[in-house]
Amino acid sequence: VQLQASGGGSVHPGGSLRLSCAVSGRSFSAYTVGWFRQAPGKEREFVAVISRISGGTVSADSVKGRFTISRVNAKNTVYLQMNSLKPEDTAVYYCAAAPRSIEYGDTWYKRSAEFGSWGQGTLVTVSS
């Protein structure tokens with residue numbers, strides 16, 4: 001499966017952006033898709049994920065209430081709506097896919113190594 005992330009840009013604090021992750025190749029609905037980000041000098045970190053089949057979502061505490069992940073299976077696309085952006089949200093954002101579901105109590109989705117397919121990343125800069 002191939003992933004293409006887009007929608008990054010530069011915004012002021014408090015602004016909004018919507019990232020898109022277009023997935024092509026094998027059956028989109030068979031994949032759980034997550035967003036990760038990596039700021040300069042920092043490790044890649046989990047942002048949000050949406051499970052295949054159930055559509056259940058999980059977000060990192062740092063973005064909860066501000067970011068929303070969603071998927072439109074008919075468009076083979078996952079979105080990350082980012083509101084109330086802060087300077088600390090500045091990073092390269094990556095989408096990734098894994099052919100497994102999120103079950104109750106799972107935490108595997110927080111580990112980037114569990115995702116076998118990655119997009120190229122899109123830069124988000126939040127600055128005044």
Side-chain angles (χ1 to χ4, degrees):
V1 66
Q2 294 79 45
L3 296 89
Q4 178 79 30
S6 62
S10 296
V11 296
H12 295 304
S16 298
L17 282 173
R18 188 178 77 161
L19 305 184
S20 298
C21 178
V23 182
S24 61
R26 298 186 179 182
S27 177
F28 170 72
S29 61
Y31 287 85
T32 287
V33 179
W35 286 97
F36 291 77
R37 66 186 181 186
Q38 188 165 18
K42 295 188 176 182
E43 293 187 353
R44 190 168 299 188
E45 65 173 358
F46 165 74
V47 175
V49 67
I50 185 163
S51 182
R52 69 178 187 180
I53 303 175
S54 71
T57 64
V58 183
S59 299
D61 289 343
S62 59
V63 306
K64 203 165 291 184
R66 300 188 299 121
F67 291 11
T68 302
I69 188 171
S70 61
R71 66 191 295 161
V72 179
N73 286 344
K75 295 186 176 181
N76 286 8
T77 302
V78 170
Y79 300 99
L80 184 69
Q81 178 66 45
M82 306 186 297
N83 299 328
S84 302
L85 283 160
K86 304 176 181 180
E88 52 262 43
D89 295 318
T90 295
V92 177
Y93 284 71
Y94 299 88
C95 58
R100 58 187 296 192
S101 300
I102 298 173
E103 307 292 341
Y104 181 78
D106 279 353
T107 59
W108 65 265
Y109 53 84
K110 295 182 179 180
R111 300 186 292 271
S112 59
E114 300 287 349
F115 291 80
S117 301
W118 288 81
Q120 84 288 0
T122 185
L123 176 63
V124 172
T125 303
V126 185
S127 173
S128 55

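Counting from 1, the numbers follow the sequence of the chain as shown. Note that this is a predicted model, so its numbers are computed, not measured. Computed over heavy atoms, backbone and side chain alike; hydrogens, waters and symmetry mates excluded.
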Note to self: Nearest 0.5 Å, please: how far is CZ in F67 from OG1 in T57?
What the structure shows: 14.0 Å
Next item on the list: Mind checking the OG1-CD spacing from T77 to Q4? Nearest 0.5 Å is all I need.
Entry: 11.0 Å
Notebook entry, point to check: How close do L17 and G7 get, heavy atom to heavy atom, and via which atoms?
Noted result: CD2-O, 3.9 Å
Checklist line | Inter- and intrachain pairs under salt bridge (charged side-chain N to carboxylate O under 4.0 Å, His left out), touching residues 109-119, at least two apart | finding: R100-E114, R111-E114
Margin query: Under 4.5 Å between side-chain heavy atoms, counting indirect links through other Ile/Leu/Val/Met/Phe/Trp/Tyr residues: same cluster for F46 and Y93 or not?
Written below: no
Next item on the list: Look at the side-chain heavy atoms of Ile, Leu, Val, Met, Phe, Trp and Tyr, link any pair under 4.5 Å apart, and say whether Y79 and V23 land in one connected group.
Entry: no
Check: With a 4.5 Å heavy-atom cut-off, do F28 and V78 have their side chains touching?
Finding: yes
Next item on the list: Decide whether V11 and L80 are clustered together by the hydrophobic rule: side chain heavy atoms of Ile, Leu, Val, Met, Phe, Trp, Tyr closer than 4.5 Å, transitively.
Entry: yes
Note to self: Can a side-chain donor-acceptor contact be found between R52 and Y31 if the only test is distance below 3.5 angstrom?
What the structure shows: no
Next item on the list: Start with the C-alpha distance between V126 and M82, add both sets of side-chain angles, then the distance that settles side-chain contact (heavy atoms from CB on, under 4.5 Å), and finish with yes or no.
Entry: CA-CA 11 Å; V126 185; M82 306 186 297; over 6 Å; no
Checklist line | Gap between atom OG of S112 and atom CD of Q38 - 0.5 Å precision | finding: 8.5 Å
Note to self: If I compare all heavy atoms of I69 with all of W35, which pair ends up nearest, and what's the gap?
What the structure shows: CD1-CD1, 3.6 Å
Check: So, is the end of the R44 side chain (NZ or CZ) under 6.0 Å from the ring centre of F36 and within 45° of the ring's axis?
Finding: no
Check: For I102, does its backbone N or O pair with a side-chain atom of S51 as donor and acceptor, under 3.5 Å?
Finding: yes
Note to self: Rounded to the nearest 0.5 Å, what separates atom CG in L3 from atom SG in C21?
What the structure shows: 4.0 Å
Next item on the list: Locate the shortest heavy-atom distance separating V92 from L123; write the atom from each residue and the value.
Entry: CG2-CD1, 3.9 Å
Note to self: Rounded to the nearest 0.5 Å, what separates atom CD in Q81 from atom OG in S20?
What the structure shows: 9.5 Å
Check: Out of Y109, Y94, W108, which residue meets the ring pair (Phe, Tyr, Trp, His ring centres under 6.0 Å) rule with F115?
Finding: W108
Checklist line | Closest contact, heavy atoms only, S16 versus N83 | finding: OG-OD1, 2.9 Å
Next item on the list: Report the distance from atom CD1 of I50 to atom OG1 of T32, rounding to the nearest 0.5 Å.
Entry: 9.0 Å
Note to self: Are there over 12 heavy-atom neighbours, none belonging to E43, within less than 6.0 Å of that residue's CD?
What the structure shows: no
Check: With distance as the sole test, does Q120 use its side chain to make a donor-acceptor pair with the main-chain N or O of A5 at under 3.5 Å?
Finding: yes
Item checked: Non-hydrogen atoms of S24 and V1 that approach each other most closely -> O-CG2, 3.1 Å
Note to self: Suppose the criterion is salt bridge (charged side-chain N to carboxylate O under 4.0 Å, His left out): which pairs have a residue in residues 66-81, not counting sequence neighbours?
What the structure shows: R66-D89
Note to self: I want to check something: taking the side chain as every heavy atom from C-beta on, are S10 and S127 in contact at a cut-off of under 4.5 Å?
What the structure shows: no
Checklist line | Taking every non-hydrogen atom, the tightest pair across V124 and G8 | finding: CG2-CA, 4.1 Å
